[in-house]
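As a basis for the values below, the full set of heavy atoms in this structure was taken, side chains included, without hydrogen atoms, waters or symmetry mates. Letters go in sequence order (proteins before strands), and every chain restarts at 1.
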There are 2 protein chains.
Amino acid sequence: MTSRRVLTGSKQVSLEVIKRLSSYLRDLKTLENNGVTVVSSGSLAELLGISSVQFRKDLSYFGPFGKKGVGYNVCTLTAKLTELLGAGDCMGFALAGAGKLGSAIIQYSSLQRFNIKIMAAFDSDRRKIGKKIDGLVVADAKDMETTVRTMGLKIGVICVPAKAAQQVAERMASAGIIAVLNFAPTEIKILKKVHVSNVDICVEIEALSYFVRQSAT
Amino acid sequence: MTSRRVLTGSKQVSLEVIKRLSSYLRDLKTLENNGVTVVSSGSLAELLGISSVQFRKDLSYFGPFGKKGVGYNVCTLTAKLTELLGAGDCMGFALAGAGKLGSAIIQYSSLQRFNIKIMAAFDSDRRKIGKKIDGLVVADAKDMETTVRTMGLKIGVICVPAKAAQQVAERMASAGIIAVLNFAPTEIKILKKVHVSNVDICVEIEALSYFVRQSAT
DNA sequence: TTATGATTGTGAAAAATAGAACAAACATTG
DNA sequence: CAATGTTTGTTCTATTTTTCACAATCATAA
């Protein structure tokens, strides 16, 4: 897989690193809420289940954040990572497919805590259009392009059936969406400049099932 | 991250490979249903959005499946991959946390099509216990160990809030679960022999938000 | 049958990722 | 203040993953 990379100064950082940074931020916020003010890479790494070297290495792509001999100021590091990841200003996203999974994501409380907010939801099913989920009215899928463009949304989440996913993704892209989180069990082929992240629950479980089978022998 | 590996004959195969194999199988089934009998690595790779070499290389860990100069018999390859991944016999799993996301997964129709079946669901919330979701009655979380052990379940899916995830995972492990799919936004630290796959929707979107921010500059 | 074109499977090279090792910087203690 | 212990940031090394290159095999057509 040719993993997408992003320019940072002169270095290129893989999205695996970015995801880890996001999980660091997640746990740092917990520490912050618990009143912890300073943390070392060692103790945080233990909390995260990774090596302390990986933590420091990941941070090093974006500069020095700690104090040698001391550790990291939780507040400061949280703020820096928040800024780095663009998690400071509330990130809105559009969701296509207000079925079971889509509805669950709309109502997913953690997202709000992480400053991520569903701004519009769409469905082509007449029975779902107009339905109010957690205060958000499901709109007609035919209005997706207009709304996404008007609201200036950049992230799309796809929860439609596999056979509809490709077309939905293309329409999102044409409306200005440049990053897509795809839950549909199918690959999405789209312009290089649009980033697609796939989460296929079936694939995840099937991979685990292989692992289970191996352990049995 | 030290990615888990599994022994195959004398070779070790990463779980990334296994996940890709699962996605190959997914698309092969679609081809099979569409009446395609033979496919080349090139055309399938195009469908999957990867390189044809990666497809062949991934297969090569488990032996030769194709015919040189011709390609792959869709039926045969589907069967072999199904056997390889253990996707032949129905894989049952236990789910903890019958909230919005948990319920959505219980009702996720694709899972059934992939021979993956929810066998038991648990929650500690009195209001959810006894609730019937898609024919399955949500059981009391305190009975989890007993049920999981009795039914011989090996895969657990965690959809509980972050602060409960660690404990739930440990209890699952103690009951014989050896592979966990964790949707809770937290890391799970557990015995090495239990494989944990994390899907943190917040992290996924936050990583995309970084990508969006980069594209803007 | 023989030449040609297509496609697989794989060893070797390249790229990317993770890990080890250590100097530099800081705090603390005597 | 000096010595000691801690922790970061980074260079260098090892490992893993991906990609390249090409021989081997098969079908087809002349």
A.B. asks: Please determine, by modelled atom types, if A/Arg171 and A/Ser174 share a side-chain donor-acceptor pair under 3.5 angstrom.
C.D. replies: no
A.B. asks: Could you check how far OH of B/Tyr61 sits from P of C/dT10, rounded to whole Å?
C.D. replies: 12 Å
A.B. asks: In whole angstrom, give the distance that lies between atom NZ of A/Lys19 and atom P of C/dA18.
C.D. replies: 13 Å
A.B. asks: B/Ile50 has an atom CD1; how far is it from atom P of D/dC20, in whole Å?
C.D. replies: 14 Å
A.B. asks: Flag the pair B/Val17 / B/Ser14 as yes when at least one side-chain heavy-atom distance between them is below 4.5 Å, and no otherwise.
C.D. replies: yes
A.B. asks: Would you please say whether a donor-acceptor pair under 3.5 Å links the side chains of A/Arg113 and A/Ser110?
C.D. replies: yes
A.B. asks: Give the rounded distance in Å between these two atoms: CD of A/Glu16 and C1' of C/dT17.
C.D. replies: 10 Å
A.B. asks: Are A/Asp200 and A/Asn198 close enough that some pair of their side-chain heavy atoms sits under 4.5 Å apart?
C.D. replies: no
A.B. asks: Rounded to the nearest Å, what distance is computed from the CZ atom of residue B/Phe62 to the C1' atom of nucleotide C/dT8?
C.D. replies: 18 Å
A.B. asks: Looking at C/dA18, I'd like to know if its phosphate oxygens (OP1 or OP2) sit under 4.0 Å from a side-chain N or O belonging to A/Arg20.
C.D. replies: yes
A.B. asks: Please walk me through it: do B/Arg20 and B/Tyr24 pass side chain to side chain contact (heavy atoms under 4.5 Å, CB included)?
C.D. replies: CA-CA 6 Å; B/Arg20 284 200 298 270; B/Tyr24 302 162; 3.6 Å; yes
A.B. asks: Rounded to the nearest angstrom, tell me the gap between atom CD in B/Glu46 and atom C1' in C/dT7.
C.D. replies: 15 Å
A.B. asks: Between B/Tyr72 and B/Phe55, is the gap from one ring center to the other below 6.0 Å?
C.D. replies: yes
A.B. asks: Let me have a per-nucleotide readout for nucleotides 3-11 of chain D, 5' to 3', with B, S or -, counting only protein heavy atoms under 4.0 Å.
C.D. replies: ---BBBBSB
